[in-house]
Number of protein chains: 2
Amino acid sequence: MDAITIKDIARALNLSTSTVSRALRDSYEINPETKRLVIEYAERLNYRPNPIALSLKENRSRVIGVVVPQIANNFFSQAINGIEAIAYNRGYHVIIFQSHESYEREVATVQQAVARKADGLLISLSSGTSDFSYLRQLQEKKLPIVLFDRVSKEIDSPCITADNFGGAFAATEHLIQSGRRRIAHLTIPPHISITQERLAGYRAALEQYDIPYDESLIRYAGFGHNEVEPIVDDLLTLSPDAFFAASDRLAIGCLSALKKRNISIPESVSLIGFTNISVADLLAPPMSTVEQPAQEIGQVAAGRLIDLIEGKQKIPQPGTIRIPTKLIVRASSQLESTLLT
Amino acid sequence: MDAITIKDIARALNLSTSTVSRALRDSYEINPETKRLVIEYAERLNYRPNPIALSLKENRSRVIGVVVPQIANNFFSQAINGIEAIAYNRGYHVIIFQSHESYEREVATVQQAVARKADGLLISLSSGTSDFSYLRQLQEKKLPIVLFDRVSKEIDSPCITADNFGGAFAATEHLIQSGRRRIAHLTIPPHISITQERLAGYRAALEQYDIPYDESLIRYAGFGHNEVEPIVDDLLTLSPDAFFAASDRLAIGCLSALKKRNISIPESVSLIGFTNISVADLLAPPMSTVEQPAQEIGQVAAGRLIDLIEGKQKIPQPGTIRIPTKLIVRASSQLESTLLT
DNA sequence: TTGTATGCGTTATCAA
DNA sequence: TTGATAACGCATACAA
């Protein structure tokens with residue numbers, strides 16, 4: 001209701017608003033005495049400049065919009081954590097938008113962010129997005145955009161992702177080296193960048209070890225509630241000797257399905273995208289994981305975006321930055337004692 | 001850079017800005033023909049009112065500030081999900097702030113939210129907070145505040161929490177009924193409301209079954225990285241026959257510690273606050289859980305706050321709303337049953 | 001029915 | 001060194 005303004009200070013001190021404004025901004029061309037007076041009074045009354053008025057004046061909001069498919073998701077909540085850390089350090093606030101894996105909602109939500117005068121956008125594309133014209137339009141309007149995690153080369157924005165290819169390659173190689181040859185690849189919808197990259201890493205590893213690529217072992221699951229189990233059932237008829245699950249959700253669904261069927265495949269289930277390592281440690285059968293550097297991805301993406309906003313990067317410098325992943329191998333030996341029958 | 005304004009429309013149509021403004025707001029006192037013209041033109045140019053200008057004018061932002069200890073946390077990210085769902089439906093945006101379990105950061109962050117002219121605040125208190133005067137000050141300034149999850153009766157705001165007492169009672173009763181008598185209670189710092197409530201539920205169950213309350217079985221862990229293991233070690237010297245872990249993080253730490261020591265206590269570990277049920281299903285030994293209605297808590301809290309903001313609740317109506325929890329019992333064989341508190 | 005003027009809080013330009 | 005004024009985009013009281 002109240003909130004002290006520059007006007008209040010001016011009136012109280014018998015000065016003009018412009019003098020007060022200058023004193024507070026520490027302008028050089030001002031009487032030191034007046035300056036002291038104003039600053040003291042402002043501090044005493046706990047004056048805070050109204051950021052909305054500033055936004056209107058400067059036509060910028062010091063807000064960056066973050067668009068993710070889902071907040072309630074380990075990867076994204078950690079990425080947002082990284083984004084916030086950087087943003088707040090550099091004086092920006094973060095407004096979060098969810099696209100709920102829908103193209104329409106993504107477009108609507110991005111429009112919202114633009115209407116709210118976000119100074120820049122950090123976007124992880126929804127699985128439903130294949131048309132990027134709405135983003136190109138924004139770029140033409142010089143709105144800084146950085147893509148992270150789920151990116152696209154179709155628009156020339158900087159992209160920050162995990163090293164999905166490398167992570168998938170390492171995971172697959174690990175399975176091969178431990179004797180597996182029929183590795184089921186359970187993944188998310190096909191046109192998402194991370195799907196492609198992980199699949200490519202998987203294929204490259206097979207190729208390197210002269211293992212034929214069997215398309216029937218590749219399955220794409222959506223984000224529905226009970227989509228995973230029937231897919232696993234179906235895969236089982238092909239007698240795979242390992243599963244590569246491309247996200248934590250899929251990995252859990254996969255393990256859950258195997259467990260229900262009383263199938264244990266020690267050391268055969270490798271997961272990429274599982275960030276909640278502390279839980280993976282507890283699971284039986286053991287599950288090796290590729291840890292995604294969610295927080296770091298967020299940090300790097302936020303840093304790049306703010307550089308763009310503040311014009312520290314003259315040229316938009318597209319291109320992809322890949323943050324390394326970590327392969328964490330868990331063996332069954334150390335866990336056998338706790339296995340239940 | 002561009003962003004079409006009312007002025008642009010007025011100029012293009014040879015009208016005054018006020019006429020355009022009125023036409024767009026569908027004022028009755030306006031020529032239908034002019035109105036049509038303006039609206040059509042505005043739609044064609046995809047006109048969006050500048051929310052910042054509106055905020056400045058109306059002294060409100062249609063933003064609600066959410067302050068949580070941590071975003072990257074299952075409970076809070078799900079709660080935020082619920083908050084967003086309601087907020088967006090009712091035309092509000094959500095800005096998220098993290099207090100990182102620190103009183104100082106909580107105060108600073110709330111000031112930020114106020115400076116940003118948030119129309120209301122949704123707060124889950126940090127573990128470091130025991131002085132609420134800064135919140136009372138805001139209430140005196142008529143800023144609507146609703147507390148959720150980690151609440152306090154020290155300020156008369158509406159509070160939305162899980163039924164922590166009931167959930168803890170049910171969990172403890174379940175352990176007792178399955179023959180346990182020395183139930184270790186591993187929980188978060190003592191002065192947080194949920195700690196108190198869960199502890200009270202635990203005590204009440206013990207009392208009802210005439211089991212003496214042994215203070216040495218109660219341990220408070222902070223939020224550091226490796227705090228849990230030594231505590232579990234220490235507890236083990238007291239030979240408990242069950243563990244009650246008051247959050248998912250503690251439950252995982254507890255299981256992890258037990259596992260490292262090759263201790264298996266089937267059906268003895270009951271957890272409250274574990275929302276990631278799909279993972280709990282996979283764990284061995286099985287772990288019963290009290291599921292927190294995170295999303296619903298967020299939804300109810302957001303609804304109440306917006307009612308307050310919009311004056312639908314004349315009287316602030318303090319008091320606590322408790323959302324029921326669900327006890328999910330998992331036996332070593334299979335998932336057994338689901339109970340509601 | 002439409003136009004003019006004012007104000008929301010701040011800063012920049014210009015004048016004193 | 002300080003003050004008056006305009007402007008950012010919008011809504012509204014008042015005038016026409």
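Throughout, protein chains are lettered first and strands after them, A, B, ... in sequence-line order, and every chain is numbered starting at 1. The model shown is predicted, which means the values in this text are computed figures rather than measured ones.
Taking the side chain of B:Leu56 as heavy atoms from C-beta on, and the options C:dC8, D:dC10, D:dC8, the nearest nucleotide is C:dC8. Checking D:dC8, C:dT10, C:dC8 against every side-chain atom of A:Asn50, the shortest atom distance belongs to C:dT10. Nearest to the side-chain atoms of B:Lys57 among the listed nucleotides C:dC14, D:dG9, C:dT4 stands D:dG9. With D:dG3, C:dT2, C:dG9 as the choices, the nucleotide that has an atom nearest any side-chain atom of A:Leu15 turns out to be D:dG3. Side-chain atoms of B:Ala53 lie closest to D:dG9 of the nucleotides D:dG9, C:dG3, C:dT11.
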Could you list the donor-acceptor pairs under 3.5 angstrom formed between side-chain atoms of residues 91-98 of chain B and any protein atom two or more places apart in sequence or on another chain?
{"unit_1": "B:Tyr92", "atom_1": "OH", "unit_2": "B:Glu310", "atom_2": "OE2", "d": "3.1"}
{"unit_1": "B:His93", "atom_1": "NE2", "unit_2": "A:Gln112", "atom_2": "OE1", "d": "2.7"}
{"unit_1": "B:Gln98", "atom_1": "OE1", "unit_2": "B:Ile71", "atom_2": "N", "d": "3.1"}
{"unit_1": "B:Gln98", "atom_1": "NE2", "unit_2": "A:Asn81", "atom_2": "OD1", "d": "3.0"}
{"unit_1": "B:Gln98", "atom_1": "NE2", "unit_2": "A:Glu84", "atom_2": "OE1", "d": "3.3"}

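A salt bridge links B:Asp307 with B:Arg90: the closest approach of a Lys/Arg side-chain nitrogen to an acidic carboxylate oxygen falls below 4.0 angstrom. With respect to A:Arg36 and A:Glu40, a salt bridge is recorded, a charged nitrogen being found less than 4.0 Å from a carboxylate O.
Checked against A:Leu138 for a side-chain contact (heavy atoms from CB on, under 4.5 Å), the options A:Val110, A:Ile123, A:Ile155 give a single hit: A:Val110.
If B:Asn14 and A:Glu58 are placed on DNA chain C by their nearest nucleotide, the residue sitting closer to the 5' end is B:Asn14.
Neither OP1 nor OP2 of C:dC8 sits under 4.0 Å from any side-chain N or O of A:Thr5. The side chain of B:Tyr47 places no N or O atom within less than 4.0 Å of a non-bridging phosphate oxygen (OP1 or OP2) of D:dG9. For the pair B:Ser16 and C:dG3, the criterion of a side-chain N or O lying under 4.0 Å from OP1 or OP2 is met.
Residue contacts shown for B:Thr17 are absent, as no nucleic acid heavy atom lies under 4.0 Å away.
Rounded to 10°, the helix from C:dT1-D:dA16 to C:dA16-D:dT1 has 60° between the axis fitted to its first five pairs and the one fitted to its last five.
Side-chain N/O atoms of B:Glu106 and B:Tyr134 include a donor and acceptor closer than 3.5 Å.
The two residues B:Ile297 and B:Asp149 come nearest to each other via the heavy atoms CG2-N, 4.5 Å.
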